[in-house]
A.B. asks: 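My questions all concern the structure below.
To find a chain, count down the sequence lines: A is the first, B the second, and so on, and within it residues start at 1.
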Amino acid sequence: MNNLNAIIESLLFASDTALTIDKIKSILETADRKAIREALTSLAKEYESAKRGFFLTEVAGGFQLRTRPEYRQWIRRLKESRPTRLSRAAMETLAIIAYKQPVLRSDVEYLRGVDSGGTLRTLLERRLIRVMGRKDLPGRPMIYGTTKQFLELFDLKDLNELPTLKDLKDLGETWPNVSR
Amino acid sequence: MNNLNAIIESLLFASDTALTIDKIKSILETADRKAIREALTSLAKEYESAKRGFFLTEVAGGFQLRTRPEYRQWIRRLKESRPTRLSRAAMETLAIIAYKQPVLRSDVEYLRGVDSGGTLRTLLERRLIRVMGRKDLPGRPMIYGTTKQFLELFDLKDLNELPTLKDLKDLGETWPNVSR
Amino acid sequence: MEQIQDQAPYRVNLEEIFDGPMDLLVHLVKKNEVDIYDIPIALITQQYIEYLEWMKSLNIDVAGEFLVMAATLAHIKSRMMLPTRGEEGDEEDPRMEILRPLAEYLQLKYAAEDLMEKDRLDWDVFVRRDFDGTEAWPDEEPGNLIQVSLFELIDAFQEIIKRVSPEYSWDLTPDTISVKSRISQIADILEQRSSVTFQELFEAQATRGDIIVTFLAILEMAKLQLIRIMQHLESGIIRIFNE
């Protein structure tokens, strides 16, 4: 692979949007649009003839590498198994339960100031919290606590390892000039 | 390119994290670890010999495609990336934690001779270090260690790959870059 | 010293120039091109102190750690000047006090430099990031579908505390967390089997502190009616049941 082809390939690889020829031109500081176009054509041909895992497509006025559609079933499985992020609401709820357990739903809602039924359900489904029992109050409300899965998620041996606010305070302020 | 290679290439291409062999195995629903490992090796070789724009690296227990370091200047221009540089204080602290882990804040501060709370906090927030537990001492101080992100940042397979500590007697006239 | 030539009108901290007293010491040893295993302690001490004086004259704040090091150096210097008491000659070189930490510090400093020379992610090498804009977090644990850091958890908690009225009490000490932790463990046991004897809960606990924590956990659980505590009439064995 010649050098220009390899550089353009690396740009296409690293870019999260389609790259126009003008954009490539400005990055490489070259005036030679033709050479760029030729490189793109030869890359596209090579991906096609070698039947690589990805191909080059011209889209929205630019060029982009994409995984070959034949492999969509595998890619889909990859993406499905990808970790998702906890929502802000879930994080808050989980934090309250972690630090205040055993705790009632009404306490969680008092602290968050909003209805938290949905978030609690999600956390229960993900087995990050559990029902530890019911309080002897009208309606017998449930008492929540965290689970083993919670400890695993945060890589904690036990709840004793949860950082306290004091720990945080002791560390002080974030060092201001990380990138000097 | 044979089919398994192409599929694995497409997975590597589409994944934003390092893929373990187990993960690939579970996506492909195959029991053949050996075939996967062979495919990875042959891909790595091919990228190398063809001098493609990217290469395959074994990092943090998995495999990942990364752009070739020779092209860093172009990719930086593409990403308009400002270096996420670590200050010397942060690097020192990080190195101490990497080599001495599991380690207490007081150990870090003994070695550096300065308060390191802020730096620790910054490193925690950037997820380069983590709380591994607490020491059974008054105040139950937190014990620190490095994370997977740390391995990824410095392209390390595992902690065994850390550069070996130099014997100072062998160093002769070379000095670390003390004053910038 | 070039970087502080322009005498800035604002105050700076010495730590912004040197990351600590060790760093300054390394600088001086390097500048004088001396063997760290045979440091001319008088010379280095003098230069170290001169440096601090000079910093002060430039309106640079000198943190306490730098003064502690100055005192240590001066102390070593004075010990070097004393005649050794014993004739055996096996008395340790007073400079060892500073050499050991200095050597270790240097070693780690080199290591930090070696690390910086690796092909760093997002600086030397780049990966494909996700298209749908969600940030990429690597797997912490295979099969674990959620990814958050402990810090995000504390952050979330901190924000809640800020929001809620200050009179709400947050008695979060390591002690109260210990009780919570024990409650969680007992709940684990009761999830496996429906009952456990009082005795069993204490057996594994060695220290006095642990016993108290376990006891407080049981009391708290009973108060919350998470458990029932029963005693067998004849044997006297106390059993804890899942409520």
A.B. asks: Counting only heavy atoms not in A:Arg121, do more than 12 fall under 6.0 Å of its CZ?
C.D. replies: no
A.B. asks: Taking all non-hydrogen atoms of both residues into account, name the closest pair between C:Ser184 and A:Arg130 and its distance.
C.D. replies: O-NH2, 3.0 Å
A.B. asks: Please indicate whether A:Lys45 has more than 12 foreign heavy atoms, meaning atoms of other residues, nucleotides or ligands, lying under 6.0 Å from its NZ.
C.D. replies: no
A.B. asks: State, to 0.1 Å, how close C:Leu226 and A:Met132 come at their nearest heavy-atom pair, and which atoms those are.
C.D. replies: CD2-O, 3.3 Å
A.B. asks: Is the shortest distance from a Lys or Arg side-chain nitrogen in A:Asp158 or C:Lys180 to a carboxylate oxygen in the other one below 4.0 Å?
C.D. replies: no
A.B. asks: Are the side chain of C:Arg128 and the backbone of A:Asp16 linked by a donor-acceptor contact shorter than 3.5 Å?
C.D. replies: no
A.B. asks: Side chain, backbone, both or neither: which part of A:Leu12 has a non-hydrogen atom closer than 4.5 Å to chain C?
C.D. replies: backbone
A.B. asks: Within a 6.0 Å radius of atom CZ on A:Arg127, are there more than 12 heavy atoms belonging to other residues, nucleotides or ligands?
C.D. replies: no
A.B. asks: State the CG-NZ distance between C:Asp188 and A:Lys148, to the nearest 0.5 angstrom.
C.D. replies: 4.5 Å
A.B. asks: Just checking C:Phe215: does its CZ atom have more than 12 heavy atoms from other residues, nucleotides or ligands closer to it than 6.0 angstrom?
C.D. replies: no
A.B. asks: Count the heavy atoms of every other residue, nucleotide or ligand shown that sit under 6.0 Å from CZ of A:Arg37, and state whether that count exceeds 12.
C.D. replies: no
A.B. asks: How long is the span from the CG atom in A:Leu104 to the CG atom in C:Leu224, to the nearest 0.5 Å?
C.D. replies: 7.5 Å
A.B. asks: Report the distance from atom CG of A:Leu11 to atom CZ of C:Phe126, rounding to the nearest 0.5 Å.
C.D. replies: 10.5 Å
A.B. asks: Side chain, backbone, both or neither: which part of A:Arg134 has a non-hydrogen atom closer than 4.5 Å to chain C?
C.D. replies: backbone
